[in-house]
Amino acid sequence: MAKAAQADTLGDWLGSHPTLNRFDLEIALCQVLDCSRAFLLSHPERQLTANELEQLHRWSQQLYNHVPLAYLCGEQEFWGLTLKVDERVLVPRPDTETLVEQALVRLEQMAPQASLARLASRRALSVLDLGTGSGAIALAIASERADADVHACDLSPDSLAVAEANSRKLKLAVTFHHSDWFNNIQQRYDLIVANPPYIDPLDPHLATLGAEPRMALVSRDRGLWDLGHIAAQGESYLHPGGYLLLEHGFDQGPAVRDLLVNNGFEGVSSCRDLGGNERVTWGQKKDRAESNHE
Ligand code: GLN
């Protein structure tokens with residue numbers, strides 16, 4: 001494992017960690033040497049100083065311990081936004097961009113056929129990101145829909161601090177709430193999105209995710225407890241005709257569709273992520289006359 005100390009060119013160092021992800025190693029080098037990836041490819045003979053080697057050694061040890069590269073760099077790209085991330089929040093995954101994409105499609109569909117009540121009150125389309133973590137989903141939506149009223153909540157004050165810092169840094173307005181799922185949510189929304197914890201506590205894959213907050217990853221009932229809770233409560237927090245969109249595990253599509261259908265949602269459907277796995281499932285609340293629960 002501790003081979004970095006023997007490598008003295010950057011090419012040697014890259015070759016000395018064959019079991020680590022090559023991209024992670026290249027980004028580690030770019031950060032430590034403050035250079036581009038193009039430079040790495042064109043200057044494999046560049047000598048590493050003792051200081052650089054020591055720093056690279058520390059980074060590689062962390063990578064062997066499954067610390068995500070994003071924590072080492074302190075940031076992660078998501079939906080073209082550079083988000084600050086650290087051990088307080090789950091690292092936003094590319095798969096979650098599928099959830100953002102689907103949320104934007106639903107908002108686009110809802111905008112022209114606005115409900116009469118919303119048109120009469122000139123109310124903006126409202127969105128809630130449940131369990132926002134770093135704020136990734138809420139901020140991605142806010143970056144695309146300046147006209148929407150975007151809210152986000154989380155149970156963890158630590159993660160809210162990260163999300164609020166990202167909102168300030170990116171100058172994207174999101175209203176944050178400290179809430180255990182819907183417990184402290186006081187209004188209805190046109191669209192609710194969530195990437196809740198959905199990994200089975202017995203999933204062996206968890207061994208490689210130990211650096212990230214367990215509460216953002218693991219859910220009882222084979223990973224389905226939080227998805228079920230949100231599906232059961234979501235309807236009361238949606239305007240008629242509003243949508244609930246849920247990210248879930250690659251094999252949970254049928255179970256999540258059942259959860260939404262059994263809780264009265266209509267038009268229940270799923271779509272796949274870039275890896276071809278069912279990843280996002282949504283349903284629409286029945287569009288009957290609006291009640292007074294504004
Ligand atoms: N998609 C993440 C993973 O499998 C899990 C995220 C979650 O539980 N919401 O690594």
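Side-chain contact between Leu224 and Val256 is present, with heavy atoms from C-beta onward closer than 4.5 Å. Side-chain contact between Val162 and Val85 is absent, with no heavy-atom pair separated by less than 4.5 Å. Contact of the Leu130 side chain with the Leu128 side chain is registered, since non-hydrogen atoms from C-beta on lie closer than 4.5 Å. Counting heavy atoms from C-beta outward, Ser167 and Phe176 have side chains that approach closer than 4.5 Å. Looking at Leu83 and Pro92, their side chains come closer than 4.5 Å, going by heavy atoms from C-beta outward. Counting heavy atoms from C-beta outward, Ile230 and Leu246 have side chains that approach closer than 4.5 Å. Leu238 is listed as a side-chain neighbour of Phe265, based on a closest heavy-atom distance under 4.5 Å. The side-chain heavy atoms of Ser134 and Leu90, taken from C-beta on, include no pair separated by under 4.5 Å.
At least one donor-acceptor pair closer than 3.5 Å links the side chain of Asn166 to the backbone N or O of Lys84. Judged by distance alone, with hydrogens and angles left aside, the side-chain atoms of Ser60 form a donor-acceptor pair with the main-chain N or O of Leu56 at under 3.5 Å. Panel note: side chain Asp154, backbone Gly133; a donor-acceptor pair is recorded below 3.5 Å. Here the side chain of Asn65 pairs no donor or acceptor atom with the backbone of Val67 at under 3.5 angstrom. Listed for the Asp180 side chain is no donor-acceptor partner under 3.5 Å among the backbone atoms of Asn183. Proximity of a side-chain donor or acceptor of Ser126 to a complementary backbone N or O of Asp190 within less than 3.5 Å is detected. Distance alone, capped at 3.5 Å, places no donor-acceptor pair between the Arg279 side chain and the Cys271 backbone. Of the possible polar contacts, one joining the Lys285 side chain to the Glu235 backbone as a donor-acceptor pair under 3.5 Å is found. No donor-acceptor pair under 3.5 Å is formed between the side chain of Asp24 and the backbone N or O of Leu69. Between the side chain of Thr9 and the backbone N or O of Glu45, no donor-acceptor pair lies under 3.5 Å.
Membership of the apolar cluster around Met215 extends to Leu155, as traced through chained side-chain contacts below 4.5 Å between ILVMFWY residues. Side-chain heavy-atom separations under 4.5 angstrom define the hydrophobic clusters, and Leu202 shares its cluster with no other residue.
Between Ala28 and Trp59, the shortest heavy-atom distance links the atoms CB-CE3, 3.5 Å. Heavy atoms only, all atoms of each residue included: Leu274 and Thr98 are closest at N-OG1, 4.4 Å. Nearest heavy atoms, Leu172 versus Leu139: CD1-O, 3.5 Å. Considering every non-hydrogen atom in both Ser219 and Pro197, the closest pair reads CB-O, 3.3 Å. Nearest heavy-atom pair across Glu247 and Pro196 is O-CD, 3.6 Å.
Take Arg168 and apply the salt bridge (Lys or Arg N to Asp or Glu O under 4.0 Å) test, not counting sequence neighbours, and it matches no residue. Asp147 pairs by the salt bridge (Lys or Arg N to Asp or Glu O under 4.0 Å) definition with Arg145, not counting sequence neighbours. With sequence neighbours excluded, the residues satisfying salt bridge (Lys or Arg N to Asp or Glu O under 4.0 Å) with Glu278 are Arg257. When the side-chain contact (heavy atoms from CB on, under 4.5 Å) test is applied to Glu266, the partners found at least two apart in sequence or on another chain are Lys286. Scored by the side chain to side chain donor-acceptor pair (under 3.5 Å) test, Asn277 finds no partners at all (sequence neighbours excluded). In this structure Asp149 satisfies the side chain to side chain donor-acceptor pair (under 3.5 Å) test together with His151, sequence neighbours excluded.
Identified under the salt bridge (charged side-chain N to carboxylate O under 4.0 Å, His left out) test for residues 209-232, with sequence neighbours left out: Arg93-Glu212. Residue pairs satisfying the ring-ring contact (aromatic ring centres under 6.0 Å, His included) criterion with at least one member in residues 75-98, sequence neighbours excluded, are absent. Sorted by first and then second residue, the side chain to side chain donor-acceptor pair (under 3.5 Å) pairs involving residues 32-41 (not counting sequence neighbours) are Glu26-Arg37. Applying the ring-ring contact (aromatic ring centres under 6.0 Å, His included) test to every pair with at least one member in residues 123-148, sequence neighbours left out, gives no pairs at all.
Residues Phe250 and Val91 fall into different hydrophobic clusters, defined by Ile, Leu, Val, Met, Phe, Trp and Tyr side chains chained together at heavy-atom separations under 4.5 Å. No path of Ile, Leu, Val, Met, Phe, Trp and Tyr side chains, each step under 4.5 Å between heavy atoms, connects Leu41 with Leu20, placing them in separate hydrophobic clusters. Under a hydrophobic-cluster definition in which Ile, Leu, Val, Met, Phe, Trp and Tyr are linked whenever side-chain heavy atoms come within less than 4.5 Å, directly or via other members, Val32 and Phe23 are assigned to the same cluster. Cluster membership for Val261 and Leu227, using ILVMFWY side-chain heavy atoms within less than 4.5 angstrom, is shared. The hydrophobic cluster containing Phe39 also contains Leu14, counting ILVMFWY residues as joined when their side-chain heavy atoms lie under 4.5 angstrom apart, directly or transitively.
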For this session: Could you walk me through whether Gln233 and Trp181 pass the side chain to side chain contact (heavy atoms under 4.5 Å, CB included) test, one step at a time?
Result: CA-CA 9 Å; Gln233 306 247 306; Trp181 299 134; over 6 Å; no
Problem set entry | Criterion side chain to side chain contact (heavy atoms under 4.5 Å, CB included) on Tyr71 and Gln62, from CA distance to verdict | CA-CA 10 Å; Tyr71 288 170; Gln62 308 244 54; over 6 Å; no
Exercise. What do the steps show when you test Asn263 against Leu244 for side chain to side chain contact (heavy atoms under 4.5 Å, CB included), and what is the final call?
Worked result: CA-CA 11 Å; Asn263 282 288; Leu244 175 62; over 6 Å; no
Problem set entry | Gln102 vs Arg106, side chain to side chain donor-acceptor pair (under 3.5 Å): CA-CA, chis, key distance, verdict | CA-CA 6 Å; Gln102 290 302 321; Arg106 304 281 98 69; 3.0 Å; yes
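Residue Leu40 is tested with Leu25, Leu29, Ile27 for a side-chain contact (heavy atoms from CB on, under 4.5 Å); the sole match is Leu29.
A salt bridge does not link Glu75 with Lys169: none of the charged nitrogens is closer than 4.0 Å to a carboxylate oxygen.
Aromatic ring pairs are classed by plane angle as parallel below 30°, tilted from 30° to 60° and perpendicular above 60°; the pair Trp13 and His17 is perpendicular.
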